[in-house]
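Labels below follow one simple rule: chain letters A, B, ... track the order of the sequence lines, proteins then strands, and each chain is numbered from 1.
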2 protein chains.
Amino acid sequence: MADIKLTDKQAFAQNSALRETAKTASLDAAASKSAFPTKKEDHHDPLNEVIELLFFAYRDFTSDPDAILTDYDFGRAHHRVIHFVGRHPGITVAQLLAILGITKQSLARVLKQLVAEEYVIQKTGTRDRRQRLLHLSPKGEQLERRLSEPQRKRVAKALNQAGPEAIDTFRKTLLALINPEDQSTVAKLTGKGEVS
Amino acid sequence: MADIKLTDKQAFAQNSALRETAKTASLDAAASKSAFPTKKEDHHDPLNEVIELLFFAYRDFTSDPDAILTDYDFGRAHHRVIHFVGRHPGITVAQLLAILGITKQSLARVLKQLVAEEYVIQKTGTRDRRQRLLHLSPKGEQLERRLSEPQRKRVAKALNQAGPEAIDTFRKTLLALINPEDQSTVAKLTGKGEVS
DNA sequence: ATTTTATGTCAGCCATGTTGACATATCTTT
DNA sequence: AAAGATATGTCAACATGGCTGACATAAAAT
């Protein structure tokens with residue numbers, strides 16, 4: 001054995017002959033060693049089940065773009081901006097802030113980078129010259145497609161597997177999970193019956 | 001006007017006579033000023049719609065517990081631990097790490113607090129005395145109930161609104177969103193046909 | 001002309017993720 | 001019994017992306 005120092009992770013992989021790391025440690029691996037205990041009262045509670053499924057589904061749903069973003073030194077925050085600017089070209093900074101629910105200082109940090117690296121383009125508003133209307137550059141659109149592709153595929157596959165009524169039911173359920181005050185706005189925002 | 005300094009936020013509230021803050025700035029408020037632009041090609045794409053709905057639904061879904069946790073000086077990370085320990089009493093640290101998908105150092109930071117403040121109890125394993133089997137104390141169970149209550153209500157309401165088939169379809173769709181390698185494990189973990 | 005609004009920016013704090021390195025107790029294997 | 005592997009804990013340092021507070025500028029609205 002060489003005298004090269006191993007980190008915990010490497011030592012683990014070496015010792016256990018598994019290629020697991022902290023990040024990739026699979027549920028399967030943990031489960032295979034021994035069963036997960038589960039509280040008896042919860043076995044037949046579909047609400048608790050859905051709550052946990054939401055956690056896992058969202059985690060995996062965001063994992064594909066997260067992995068891609070490391071190539072660009074961007075994070076999840078950049079993705080959100082690219083997504084919403086891509087889907088709503090000409091959106092104002094104020095509107096984007098409202099959608100994301102973060103402060104302008106938080107947005108500025110990522111938006112500045114995206115503008116500097118020319119993924120996002122700011123056009124001065126014509127009606128109101130104070131506004132900076134946000135658009136994706138061709139480069140930005142390319143990144144947007146790269147990021148959304150695995151998510152679209154994942155959702156398409158899930159909806160297909162869940163059956164023909166799933167599209168409608170899943171959409172309805174997600175919408176109903178949103179705070180009632182925002183439901184109509186989100187429905188307009190994301191939906192078909194649209195807008196300017 | 002008094003010479004008291006106002007922050008941006010206060011100045012905004014004062015000037016605009018709105019009670020909005022950065023955190024509570026509503027989508028409605030932003031939408032009311034002018035319509036959100038939306039890319040034409042996307043109008044009829046249900047996949048993009050579902051992707052956005054997932055973002056908003058998950059955001060609101062986590063907002064209720066987040067608000068409660070500030071009373072305890074805990075964050076979302078503490079919530080996850082409390083949730084999974086509560087639902088799987090006797091879970092080992094390694095199993096919890098696999099579920100959460102974080103490093104042991106990240107977990108340690110929150111778990112240490114939860115143990116110190118006696119929300120979580122560690123019992124030395126009998127079969128394997130190296131293991132620390134995690135349980136909620138009565139205090140921890142109380143907090144768990146407080147945190148899960150609004151989420152359970154939200155999910156119950158959404159499923160009701162979406163119709164009788166929603167429970168099954170929603171669950172199936174969420175499960176299908178999860179990485180295939182983990183689906184069977186998660187199904188066992190959250191599901192009914194259970195375990196030790 | 002004054003006030004309000006839309007946006008930007010500096011500075012610093014906090015929560016929660018990450019790596020790397022190492023310690024200890026206990027179980028497993030030789 | 002000794003050696004190795006595993007489960008857990010811990011110190012230190014760093015990154016990301018939230019946050020608040022304070023202030024600046026340009027343009028619109030009054």
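By the side chain to side chain donor-acceptor pair (under 3.5 Å) test, B:Asn160 is found to be paired with no residue, residues two or more places apart in sequence or in another chain being considered. Looking at residues two or more places apart in sequence or on another chain, you find a ring pair (Phe, Tyr, Trp, His ring centres under 6.0 Å) between B:Phe84 and A:Phe55, A:Phe56. Not counting sequence neighbours, B:Gln161 has no partner by the side chain to side chain donor-acceptor pair (under 3.5 Å) test. Under the rule for a side chain to side chain donor-acceptor pair (under 3.5 Å), the partners of A:Glu149 that lie at least two apart in sequence or sit in another chain are A:Lys153. With sequence neighbours excluded, no residue satisfies ring pair (Phe, Tyr, Trp, His ring centres under 6.0 Å) with B:His88.
Against DNA chain D, the stretch residues 109-126 of chain B makes heavy-atom approaches under 4.0 Å through B:Lys112, B:Gln122. In the region residues 53-71 of chain B, proximity to DNA chain C at under 4.0 angstrom, judged on heavy atoms, holds for none of the residues.
Under the ring-ring contact (aromatic ring centres under 6.0 Å, His included) criterion, no residue pair touches residues 128-166 of chain A, with sequence neighbours excluded. For the ring-ring contact (aromatic ring centres under 6.0 Å, His included) condition, the pairs that include at least one residue of residues 141-175 of chain B, sequence neighbours left out, are A:Phe170-B:Phe170. For the side chain to side chain donor-acceptor pair (under 3.5 Å) condition, the pairs that include at least one residue of residues 110-125 of chain B, sequence neighbours left out, are B:His78-B:Gln113.
Annotation: the terminal axes of the helix from C:dA1-D:dT30 to C:dT30-D:dA1 meet at 20°, where each axis is the rotation carrying the C1' atoms of four end pairs onto the next four (5 pairs per end, rounded to 10°).
Straight-line distance from the CG atom of B:Leu107 to the C1' atom of C:dT19: 17 Å, rounded to whole Å. The nearest whole Å value for the distance from the CZ atom in B:Arg132 to the P atom in C:dT24 is 15 Å. Per the geometry, NZ belonging to B:Lys104 stands 12 Å off C1' belonging to D:dC11, to the nearest Å. Straight-line distance from the CZ atom of B:Arg129 to the C1' atom of D:dA5: 18 Å, rounded to whole Å. For the pair A:Arg130 CZ and D:dA29 C1', the interatomic distance rounds to 8 Å; values are reported in whole Å.
Taking the side chain of B:Ile102 as heavy atoms from C-beta on, and the options C:dT16, C:dT18, D:dC19, the nearest nucleotide is C:dT18. Comparing D:dG18, D:dA28, D:dT8 by their closest approach to the side chain of A:Arg80 singles out D:dG18. With distances taken from any side-chain atom of A:Gln105 to the nucleotides D:dT8, C:dT7, D:dG21, the minimum falls on D:dG21. The side chain of B:Ser106 approaches C:dT18 more closely than any other nucleotide in the set C:dT18, C:dC22, C:dT7.
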Could you list the donor-acceptor pairs under 3.5 angstrom formed between side-chain atoms of residues 58-71 of chain B and any protein atom two or more places apart in sequence or on another chain?
| from | atom 1 | to | atom 2 | distance (Å) |
| --- | --- | --- | --- | --- |
| B:Arg59 | NH2 | A:Ile99 | O | 3.4 |
| B:Asp60 | OD2 | A:Asn179 | N | 2.7 |
| B:Thr62 | OG1 | B:Tyr58 | O | 3.1 |
| B:Thr62 | OG1 | B:Arg59 | O | 3.1 |
| B:Ser63 | OG | B:Asp60 | O | 2.6 |
| B:Asp64 | OD1 | B:Arg154 | NH2 | 3.4 |
| B:Asp64 | OD2 | B:Arg154 | NE | 3.1 |
| B:Asp64 | OD2 | B:Arg154 | NH2 | 3.1 |
| B:Asp66 | OD1 | B:Arg76 | NE | 3.3 |
| B:Asp66 | OD2 | B:Arg76 | NE | 3.1 |
| B:Asp66 | OD2 | B:Arg76 | NH2 | 2.5 |
| B:Thr70 | OG1 | B:Ala67 | O | 2.7 |
| B:Asp71 | OD2 | B:Arg146 | NH2 | 3.1 |

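Partner A:Glu52 forms a salt bridge (charged side-chain N to carboxylate O under 4.0 Å, His left out) with one of B:Arg87, B:Arg171, B:Lys188 and no other, that one being B:Arg87.
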